[in-house]
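Have a look at the structure below before the remarks.
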Protein chains: 2
Amino acid sequence: MEKLVDEDLPETVDAETRVQGSGDHHAELRLWLRMLTCTNLIECEIRSLLRTRFDVTLPRFDLMAQLERAPDGMTLGDLSRRMMVSAGNVTGLVERLVQDGLVERRPAPGDRRSALVSLTDSGRASFETMAAAHADWVADLFAGLDAGDIDALMGLLAKAKASARVAAEGAPHVSTQATLAKKDTADG
Amino acid sequence: MEKLVDEDLPETVDAETRVQGSGDHHAELRLWLRMLTCTNLIECEIRSLLRTRFDVTLPRFDLMAQLERAPDGMTLGDLSRRMMVSAGNVTGLVERLVQDGLVERRPAPGDRRSALVSLTDSGRASFETMAAAHADWVADLFAGLDAGDIDALMGLLAKAKASARVAAEGAPHVSTQATLAKKDTADG
DNA sequence: CCGAATTATTTTAAGTTTAAAATATCTCCA
DNA sequence: TGGAGATATTTTAAACTTAAAATAATTCGG
C-alpha cells in the first residue's frame, strides 16, 4: 500500500512547463494520493474492526469472501487472481485457514496439479456473521455519501480502472510470453 | 489490503428489506470493492515499475516521498502518522534505508526520545529521479480521465474521506484516552 | 508418442506489517 | 518537586507479502 498523504501539494503550475515526459502531472498525482488515503483510511478501520470484533485478519476475511461465492470451491490460482495477490501468498493463507478448520482443500478432479478450496460449514457460518457486520461498517463509513454520489463514484472509478488497465497492459514493463498471449485472466 | 473484486454482486434489492442494521448495503459494498480493485490495480503497477526500473520497494519510496517534503527532517512519529503505518514498521524501514545510505537519522534537539530522519544527498538525488518517473506513470495510468473527471473524483473522494473519518471517529471500537483527547494528528 | 512450452502450486529468502509489551523520556499538576 | 500519565521509540512474535526458483503435471504441435 502506497502510504502518502494528499495534502500540501502546490496548486498552481506553470503551463509553460508542460513538456513531454516531464510535465504537469499534479492533478493526476493529487488524485492518486487522495484515492490512496481514502482507501487506506477505510481499510484500516475495517481491519481494526475485524480484529477487535471477530479476531480475524483482513486477508483471511478476504479469502473467505472469495470462497463464499464459489460453493463448489475454487483453485488456488483462481484465488490468487481474484484477490490480486501472489500464488505463494495464497498457499500460506489457505494453509492457516485449513488449520483453523475454516477452509478445506481437496484434489481437483481431472487435474492433479490443482487443489479445490472451499469453506467448511464452520467457515461458512463464521463468514456469514462477519460479512453482515462488514456490510454494516462499510455502509456506516460511506454514510456521508448520497445515492447520487455513489453512482457518480462508481462510474468514475470504473473509468479510472479501465484507464489503468489500458495503461498497464499497453506498456508492460516486463514482456513475457504470458503477458503477450493471454488477455482473459483479469476480472473485468 | 482488502483484496476482493467488484463483479458479480446482485444489482436488484428488495426495498422492503431495509431494516436497521441488517439491510440493503449493496451499493456501499459495491462502491468499496470497486475502490479497492481500482487502487490495487494502480498500486500493483506502480510497485512493479518501481521494482523493475529502480529496484526499490514501494514502502521505501513512500517513506522517501515523505522525507522529501521535510528538508529539515521529521520524527519517526511524524512518519508513522503521515504514512498511516505502525511505529514499529517505520523503525525497520528507516533502519534499512539508513543502511542503504539513502536516509540519515540524528537525535532530535530538545527531546531525547525522538530522532529526526531526513534524506541524504544521495537519497534526495535518487528520489528525485524516481519521483519524476512515478509522476509520469501515474499520469499514464489516469490518461483515460479528462480534467472534469479528475475534478469530480477529487471532490467525491474528499467527501468519502470525510464521511469515513466521521464514522471511524464517531464509533471508535477501542476507546482510549488518546482517541478521545486528540483530534489533530490526522492529515486533514 | 515426444518433448517443448505452459500452467498450477510450493518453496525460499527477504522484506513488510501489525499489535502488544517494554523502555525511555517528557509534561504537568497537585 | 514528585509522580502519574502521556508520548516517542524499540522490541518481539507472528502473520502477511512478494519475487524468483523449483516441482510437478498438462497441453499441444509435429
Side-chain angles (χ1 to χ4, degrees), chain A residues 1-3 40 43-44 46-48 50-52 55-63 74-81 83-97 99-100 105 107-117 173-174 176-182 184-185, chain B residues 1-3 40 43-44 46-52 55-63 74-81 83-100 105 107-117 173-174 176-182 184-185:
Chain A
M1 172 86 13
E2 195 174 14
K3 308 282 179 14
N40 260 352
E43 190 177 288
C44 280
I46 291 174
R47 181 193 309 279
S48 176
L50 280 174
R51 174 174 297 276
T52 59
D55 192 36
V56 77
T57 64
L58 187 48
R60 288 179 200 212
F61 177 81
D62 288 344
L63 195 149
M74 322 174 55
T75 64
L76 292 169
D78 288 338
L79 278 169
S80 170
R81 275 182 292 277
M83 298 174 71
M84 301 198 279
V85 300
S86 68
N89 190 355
V90 172
T91 295
L93 230 24
V94 165
E95 202 170 77
R96 290 185 286 272
L97 284 167
Q99 287 203 329
D100 291 350
R105 39 180 305 170
D111 190 337
R112 272 177 299 177
R113 294 169 303 179
S114 287
L116 281 180
V117 181
H173 36 294
V174 182
T176 63
Q177 293 83 342
T179 307
L180 299 173
K182 68 166 193 271
D184 52 319
T185 52
Chain B
M1 173 79 22
E2 198 175 9
K3 307 283 180 12
N40 260 353
E43 189 179 288
C44 281
I46 291 175
R47 180 194 308 278
S48 177
L49 285 164
L50 281 173
R51 175 175 296 276
T52 58
D55 193 35
V56 77
T57 64
L58 187 49
R60 287 176 200 213
F61 178 81
D62 288 343
L63 195 148
M74 319 173 58
T75 64
L76 293 170
D78 288 339
L79 279 170
S80 169
R81 275 183 292 277
M83 296 175 71
M84 302 197 276
V85 301
S86 68
N89 189 355
V90 171
T91 295
L93 229 26
V94 165
E95 202 169 77
R96 290 184 288 271
L97 284 167
V98 166
Q99 287 201 328
D100 291 350
R105 39 180 305 170
D111 190 337
R112 273 175 300 176
R113 295 169 303 179
S114 288
L116 282 180
V117 181
H173 36 297
V174 183
T176 63
Q177 294 82 342
T179 308
L180 300 172
K182 69 169 190 269
D184 53 317
T185 52

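Every chain is numbered from 1 and lettered A, B, ... according to where its sequence line falls, protein lines coming before strand lines.
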Classify [X] by what it touches in the nucleic acid, base, sugar-phosphate, or nothing, heavy-atom distance under 4.0 Å.
X: Ser114(B); value: sugar-phosphate
X: Thr57(A); value: sugar-phosphate
X: Gly88(A); value: base
X: Ala108(A); value: nothing
X: Thr75(B); value: sugar-phosphate

Problem set entry | Contacts of Thr75(A) that satisfy side chain to side chain donor-acceptor pair (under 3.5 Å) - sequence neighbours left out | Asp78(A)
Exercise. What pairs with Arg113(B) under side chain to side chain donor-acceptor pair (under 3.5 Å), at least two apart in sequence or on another chain?
Worked result: Asp111(B)
For this session: Dot-bracket for DNA chain D, please, read 5' to 3', with Watson-Crick or G-U wobble pairs under 3.5 Å on both distances, ( ) within the strand, [ ] crossing, | other strand, . unpaired.
Result: ||||||||||||||||||||||||||||||
Polar atom pairs between nucleotides 23-26 of chain D and protein, under 3.5 Å, N or O only, would you list them?
{"residue": "dT26(D)", "atom": "OP1", "partner": "Arg112(A)", "partner atom": "N", "Å": "3.2"}
{"residue": "dT26(D)", "atom": "OP2", "partner": "Arg112(A)", "partner atom": "NH2", "Å": "3.0"}

Problem set entry | side-chain contact (heavy atoms from CB on, under 4.5 Å) involving Ala115(B) - partner list, sequence neighbours excluded | Arg105(B)
Problem set entry | For Arg60(B), side-chain contact (heavy atoms from CB on, under 4.5 Å) partners two or more places apart | Val56(B), Thr57(B), Leu93(B), Arg96(B), Leu97(B), Asp100(B)
Problem set entry | Phosphate OP1/OP2 of dT10(C): any Arg105(A) side-chain N/O under 4.0 Å | yes
